[in-house]
Amino acid sequence: REAGRDLPEGAMPPRALIVAEKPSIAKGITEMLAPGTPRVRVLRVLMFSCTGMATCSRQREGKCRSCGIYEFETTIEGQPYAVGVTSVLGHLMIHEFESPYNKWHSCPPIQLFELPIEHKVDPDNESAMGIKRTLEIEARKAKLLIIATDNDREGESIGHEIIDVCLAVNPRLICKRMKFSAVTFRDIRGALDRLHIPDKRAADACEARSQLDLRIGASFTRFQTIRFQSLYSQRMLISYGPCQFPTLGFVVDRYRRRQRFIVEDFWKITVRHTLDESSTTFQWSRGRLFDEALTTAILHHCQANPAATVLSARGSSTSRRRPVGLMTTTLQQIASRKFHIAPADTLNIAERLYQKGFISYPRTETDMFEPTMDLAALVAEQAGNPQWGAFAAALLPPNGAPTPRNGTNSDQAHPPIHPTRAAAGLDFNEGRIYELVVRHFLACCSRDATGTQTKVTISIADEQFTASGLMITDRGFLDVYPYEGWASKAIPRYEENTTFQPTEIVLDQGETVPPPLLTEADLLTLMAKNEIGTDATMADHIKTVQEREYVQKTADHFLVPTNLGIALINGYDSMSVAGSMSKPSLRRQLEADLKLICQGSKTLNDVLAATIERYKTVFSAVMTEAPRLDAALESSLGPRTELTAHDEPPPVEVMVVRRCPKCAAADQLLKRIRSGSWMVGCATYPRCNGRVFLNHVTSALALPDVCVCGAHILRMTFSSDAPPMLTSAPHYDACIACDDFLREFFSSGGGGGGGG
């Protein structure tokens, strides 16, 4: 056995466990290493059900049906190993607040900035628990753990979750990292021969983002939802996300600019000249004027002195540059504009092509190829294609060589998106995305289009006009790249200092047009420019604002904000908070800090502390100015629906009222006890029995409004035998801590006790 040639006779090689991010990648790694290679032999493939019953030769307990174990022998960094390849299903662990704070109304939303967060395998997720048990069993037998997740921040985070699970059962395990950008033999074999240390900094950056997104999203979502439900009877979730709302803000801002736009009439003078059956249009150097009388006067002056003198007629070389390497956002933008495929769908399709081994990793912020890449071999893979094969062959010796145009961006993880081999058996949209990747790659590796541009300037009655022509001399990359246009435009030959009589000099009228609504491609551009999200997440944020019904996409693929989306953005923009929640500045700062974590300039705790303090300050200001949000909602959605104590509150278990005055360690919650009566009691009961019995209260609701003491106002309805002061209105709104009459009434009625 060649793989074990350095082992003593009869000795078994040590075991290595390779864990991929998805089952398809685990299968792809095995297919690249095992079949048809002299150094590798497949031993067996075992698939298990969630109950642990093997569907093949033997039973193993606790396996997840979706994740198989592939076993074979090969060399890793020159040493023989018995290898097991399995996978997770994306993130193995979740982030959530500790109980009971993972429940709605369990605490004031502002406390979510400080409460502890658990990072754990979800015990209620059968698949995740099955994968965890698989990893524990396999890790106990292994000497080497190799992380084969995606080579980005998210992949590093998933990798460290796998490491944590495996090290917990085998502390002596050696942990390494495979880095590859395509599921090809060359990439996978090379990655096994050059293992890396897992990147803790990148994992920390992802951990910071996950924790902060949970704290910020949960606090503002609870605040917005409770506020909305106190105004309207609709049981809607009004979610907030630190990337989601700046994304919505871009859409609303463009919509408002269109709404505020005032259409104006303008006038301009156009000169046309027909010579040898060729018509040339000369444009006025003034462009346009908004004064009809003045423009008409100039027109009459030109018509009275119509002789045109050629001031200059010059030709110059020009070019249309070929595209740089393909990044994720560029792929999504082109697919959106040309195919009307949503960015999230484009990324999903590209991910499938990557998992099938047809293209490289599709989540990349790199637009330059490394000099060491064998581009000729990649181009040669396309030489047999009937559509673009001839173009590809012309880029290879002896005709030429691939000479890519490189950009300036690199994420230090993956090359630009490129084809890895010829593809077959693709569905319609897979075929379009694959073709786009191939054509972009070939265009990048070819040559610029070149031409000669002619510019002619004439003078009529001291007014200047210009015309331009273009003659393409070499189409270059345009022959393979239909996603850009560059057309020749012929004009007659004009000699300097000669004169001619124009065919016509006319007055053209037009009107200004508002900026267009955003498309998904436009929105991606704005998000990338303002660093909202990453190449891997921007499409998800665009999808989310549509799913939340903050934005709708029209039949002609433009994005229009809904009344709810407009109200939310208007509400936050009306506040005096420095850096509105709808603007990109807060998120841009966080994204910059995450990069500093990756570089080692800041630590996880540094960024968590600073960002939590920043958002907590903003949240406090938002709470103070919450009536502005109410006003914006009413302005867009109509008058509020008066909510009485008889209205059913949101479907939650408990509602926070205040900090417990007895123990000061937990919150007091409004709840209904078995007898049907209402009380406000400590969340730690029976450890702390601080409570107030709400005697004679038939229904109660904790409002979002907060008293100066920090307690939530209660809206209560009292039985008919309560004092008239409490029954003269449909409901009674008060703070049970500060309303002297109410406090005495509850106390005298047998309530209170224990810190009430």
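Counting begins at 1 with the first residue of the sequence. All figures in this text were calculated on a predicted structure; none of them were measured in a lab.
- For the 3.5 Å distance criterion, the side chains of R256 and N570 qualify, holding a donor opposite an acceptor.
- The closest side-chain donor-acceptor pair between Q224 and Y572 falls under 3.5 angstrom.
- One N or O on the side chain of T525 and one on the backbone of A521 form a donor-acceptor pair closer than 3.5 Å.
- Under the 30°/60° scheme for interplanar angles, the aromatic rings of Y434 and W388 are found to be tilted.
- Salt bridge annotation for E591-R587: present, with a cationic side-chain nitrogen under 4.0 angstrom from a carboxylate oxygen.
- Between the T544 side chain and the D540 main chain, a donor and an acceptor come within less than 3.5 Å of each other.
- A ring-centre distance under 6.0 Å is found for F500 and Y494.
- A donor-acceptor pair shorter than 3.5 Å cannot be found between the side chains of E365 and Q412.
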When you look at T473 and T450, which way does the side chain to side chain donor-acceptor pair (under 3.5 Å) test go after all the steps? CA-CA 6 Å; T473 56; T450 58; 3.2 Å; yes
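- Residue pairs meeting the side-chain hydrogen bond (donor to acceptor under 3.5 Å, both in side chains) criterion with at least one partner in residues 290-306, sequence neighbours excluded, are absent.
- Minimum interatomic distance between G241 and P246 (heavy atoms only, all atoms of both residues): O-CD, 4.1 Å.
- Between the side chains of S468 and Q453, no donor-acceptor pair of N or O atoms lies under 3.5 Å.
- Of the possible polar contacts, none joining the T318 side chain to the G451 backbone as a donor-acceptor pair under 3.5 Å is found.
- Around CD of E370, the count of heavy atoms belonging to other residues, nucleotides or ligands within 6.0 Å does not exceed 12.
- Rounded to the nearest 0.5 angstrom, I542 CD1 and L248 CG are separated by 12.0 Å.
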One pair to check against salt bridge (charged side-chain N to carboxylate O under 4.0 Å, His left out): E495 and R493. What are the steps and the verdict? CA-CA 7 Å; E495 298 290 342; R493 181 180 180 86; 3.0 Å; yes
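- Proximity of a side-chain donor or acceptor of R322 to a complementary backbone N or O of S446 within less than 3.5 Å is detected.
- Remark: the backbone N or O of Q332 is not paired with any side-chain donor or acceptor of S336 at under 3.5 angstrom.
- A donor atom on one side chain and an acceptor atom on the other are not found under 3.5 Å apart for T519 and H557.
- More than 12 heavy atoms of other residues, nucleotides or ligands shown are found within 6.0 angstrom of CZ on R258.
- Summarising the local packing, CG of D556 is surrounded by more than 12 heavy atoms from other residues, nucleotides or ligands at distances under 6.0 Å.
- Using modelled atom types, one side-chain atom of T364 and one backbone atom of T366 make a donor-acceptor pair closer than 3.5 Å.
- Outside the 6.0 Å centre-distance limit, the rings of F282 and F465 are not counted as a close aromatic pair.
- The environment of NZ in K553 is crowded: more than 12 heavy-atom neighbours from other residues, nucleotides or ligands sit within 6.0 Å.
- Nearest heavy-atom pair across Y550 and I238 is OH-C, 3.3 Å.
- In this structure, the side chain of S636 does not engage the main chain of L633 through any donor-acceptor pair within 3.5 Å.
- How far CZ of R209 is from CG of L594: 8.0 Å, rounded to the nearest 0.5 Å.
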Apply salt bridge (charged side-chain N to carboxylate O under 4.0 Å, His left out) to residues D152 and R363 and explain how you reach the verdict. CA-CA 8 Å; D152 54 19; R363 303 173 191 266; 5.4 Å; no
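- Between F477 and Y481, the ring-plane angle classifies as tilted under the 30° and 60° cut-offs.
- For E496 and R314, the salt-bridge test passes: some basic side-chain N is under 4.0 Å from an acidic carboxylate O.
- Closest heavy-atom contact between L326 and H440: CB-CD2, 3.6 Å.
- Between the side chains of T503 and R272, no donor N or O sits under 3.5 Å from an acceptor N or O.
- Salt-bridge formation is detected for the pair R628/E625: a Lys NZ or Arg NE/NH1/NH2 atom is positioned less than 4.0 Å from an Asp or Glu carboxylate oxygen.
- Taking each heavy atom of Q382 and P419 in turn, the nearest pair found is NE2-CB, 3.7 Å.
- Under the side-chain hydrogen bond (donor to acceptor under 3.5 Å, both in side chains) criterion, N409 pairs with D367, sequence neighbours left out.
- We find that D522 and R254 are not joined by a salt bridge, their nearest charged nitrogen and carboxylate oxygen being 4.0 Å or further apart.
- For S488 (side chain) and I472 (main-chain N/O), a donor-acceptor pair under 3.5 Å exists by modelled atom type.
- The residues K595 and E531 are annotated as salt-bridged, a charged nitrogen and a carboxylate oxygen being separated by less than 4.0 angstrom.
- Atom CD of E504 has more than 12 heavy atoms from other residues, nucleotides or ligands within 6.0 Å.
- Taking each heavy atom of P502 and P306 in turn, the nearest pair found is CD-O, 3.0 Å.
- Using a 4.0 Å cut-off between charged nitrogen and carboxylate oxygen, D448 and R320 do not count as a salt-bridge pair.
- A pairwise comparison of heavy atoms in P402 and V379 identifies CG-CG2, 3.9 Å as the closest pair.
- Using modelled atom types and a 3.5 Å distance limit, the side chains of T270 and D508 yield a donor-acceptor pair.
- Side chain of D411 to backbone of A413: a donor-acceptor contact under 3.5 angstrom is found.
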Give the C-alpha distance, both sets of side-chain angles, the deciding distance and a yes or no for side chain to side chain contact (heavy atoms under 4.5 Å, CB included) between I505 and I460. CA-CA 10 Å; I505 305 174; I460 301 175; 4.2 Å; yes
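- Looking at D265 and R288, no side-chain N of the basic residue comes within less than 4.0 Å of a carboxylate O on the acidic one, giving no salt bridge.
- Side-chain atoms of S285 and E463 include no donor-acceptor pair closer than 3.5 Å.
- F261 pairs by the side chain to side chain contact (heavy atoms under 4.5 Å, CB included) definition with V263, T512, P514, P515, not counting sequence neighbours.
- A donor-acceptor contact closer than 3.5 angstrom is absent between the side chains of T562 and Q552.
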